[in-house]
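These notes concern the structure reproduced below.
Within every chain, numbering begins at 1; the chains are lettered A, B, ... in the order of the sequence lines, protein sequences first and strands thereafter.
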Protein chains: 2
Amino acid sequence: MPIKLVTQAETILKEQGGRMTSQRKLILEKIESMSGHPTAEEIYLNANQEDPTLNLSTVYRTLRWLTDQSLITPHRFDEERRQERFDATLTGTNKDHYHFQCQQCKNIIEFSSDQMEKIKSIFSSQTGSEVFSAELVFYGVCANCRENRS
Amino acid sequence: MPIKLVTQAETILKEQGGRMTSQRKLILEKIESMSGHPTAEEIYLNANQEDPTLNLSTVYRTLRWLTDQSLITPHRFDEERRQERFDATLTGTNKDHYHFQCQQCKNIIEFSSDQMEKIKSIFSSQTGSEVFSAELVFYGVCANCRENRS
DNA sequence: ATATTATTGCAAATGAATTGCAATATCAAT
DNA sequence: ATTGATATTGCAATTCATTTGCAATAATAT
């Protein structure tokens, strides 16, 4: 099983002279347990039930820190242009993955693809650019919503 | 050569009982002439030199309308997470295209790929979802910045 | 236990984008 | 050309997600 987010965070904090607080621990646990790709608001609402004194800006600060440490990845999907969603799926360790968002239920499906390397290398050799990362998002209707269509 | 944005807009406006104003015409011309993928602010700054009474909210309203009519496409790129950039490259008519953004000079390169259809169909058949559109962004360093690296 | 200082909660600020409204300008009908 | 109906504008105020300054609090090393 993958290394827990809290463990990874603790290691980095130690290096940086940072501190593991109860708030951080709670937020990290929530991000990990919440399926899908929650927004800051959603994480706050969920964590706040457990610790009612937890503040929204602490959530934002933690999320920003995690992003800077590359422990999570922020995404913006089309429909909800304004708010960020956070992806706790370990980056680096396991293979790159991409996303599909259902335009009806807004659910997100992750997938990977062997073809991507090819697209990258074709682009690189054609333009002389070096590609470090790729973000691919499909939009459409998921199997579930196709069945129960109104 | 492709159909001018102003012409397309005029057709749609006629259908909708809308009006082609001097402001709109100016904004449309600017979007078309500005290379790259300008932000609302950039379009405003540029158009404002020609018509100093033009207001920023008119630019936003026009951009939103054009987006709703699918005449332009909004994008968000990683580095500048908060503001939208607009892509005037005709959608629908010509083939889908994707983007590369240089992390140094922030320039955007457009490209297309035959492989994408394959990725789409593999994903569709694996999940039973229907895919309507795809957004792919590469991040890295462009040829120019690789040479003149500091 | 204590001192140091990273982190929190809170409230205020930011920045991009949107909106309400009175004034203005476009276009169709005369 | 003139007119009238109303779509669109400019302006200011507002929204919404996110960030930030600061005094109070709490985590860690000693």
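Side-chain contact between Ile31(B) and Leu66(B) is present, with at least one heavy-atom pair separated by less than 4.5 Å. Using a 4.5 Å cut-off on side-chain heavy atoms (C-beta onward), Tyr98(B) and Glu110(B) make no contact. The side-chain heavy atoms of Lys30(B) and Tyr44(B), taken from C-beta on, include no pair separated by under 4.5 Å.
Closest to the side chain of Arg61(A), out of dG9(C), dT4(C), dC27(C), is dG9(C). Considering only the side chain of Ser57(B), dT18(C) comes nearest among dT9(D), dC27(C), dT18(C).
Put simply, CZ on Arg19(A) is 6 Å from P on dA6(C), counting in whole angstrom units. Nucleotide dT19(D) holds its P atom 9 Å from the CG atom of Leu63(A), rounded to whole Å. In this structure, CG of Leu56(A) is placed 14 Å from P of dC16(D), rounded to the nearest angstrom. Protein atom CG of Leu26(A) is 17 Å distant from nucleotide atom P of dT7(C), rounded to whole Å. Between the P atom of dT8(D) and the CG atom of Leu28(B) lies a distance of 13 Å, rounded to the nearest Å. Distance Gln83(A) CD to dT15(D) C1': 14 Å, rounded to the nearest Å. Remark: C1' of dT18(D) and CD1 of Ile43(A) are 14 Å apart, rounded to the nearest angstrom. Rounding to whole angstrom units, NZ of residue Lys14(B) and P of dA7(D) are separated by 16 Å.
Ring pair Phe111(B)/Phe123(A): centre-to-centre distance below 6.0 Å.
Taking 3.5 Å as the limit, the base of dG15(C) and the side chain of Arg82(A) contain no donor-acceptor pair of atoms between them.
Contact annotation: Tyr60(A) side-chain N/O to dT18(D) OP1/OP2 distance is under 4.0 Å. Applying the 4.0 Å criterion to OP1 and OP2 of dA16(C), one finds that Arg85(B) has every side-chain N and O outside that range. A close approach under 4.0 Å does occur between a side-chain nitrogen or oxygen of Arg24(B) and OP1 or OP2 of dT8(D). For dC11(D), the OP1/OP2 oxygens have a side-chain nitrogen or oxygen of Asn55(B) closer than 4.0 Å. Distances shorter than 4.0 Å separate some side-chain N or O of Thr21(A) from OP1 or OP2 on dT8(C). At dG9(C), one or more side-chain N or O atoms of Thr58(A) fall inside 4.0 Å of OP1 or OP2 (strictly under the cut-off). Residue Gln23(B) places at least one side-chain N or O under 4.0 Å from the OP1 or OP2 atom of dG10(D).
Counting any heavy atom pair closer than 4.0 Å across all strands shown, Arg81(B) reaches sugar-phosphate atoms only and no base atom. Contacts of Glu41(B) with the nucleic acid, taken as non-hydrogen atoms under 4.0 Å apart, are absent. Residue contacts for Leu54(B): at a heavy-atom cut-off of 4.0 Å it reaches the sugar-phosphate backbone alone, with no base atom in range.
Within 6.0 Å of NZ in Lys118(A) there are 12 or fewer heavy atoms belonging to other residues, nucleotides or ligands.
If you find the closest nucleotide of DNA chain C to Ala40(B) and to Gly18(B), the one lying nearer the 5' end belongs to Ala40(B). Nearest-nucleotide positions on DNA chain C for Met20(B) and Arg64(B) put Arg64(B) closer to the 5' end.
For the side-chain hydrogen bond (donor to acceptor under 3.5 Å, both in side chains) test with Arg85(A), the passing option among Glu80(A), Gln101(A), His99(A) is Glu80(A); the others fail.
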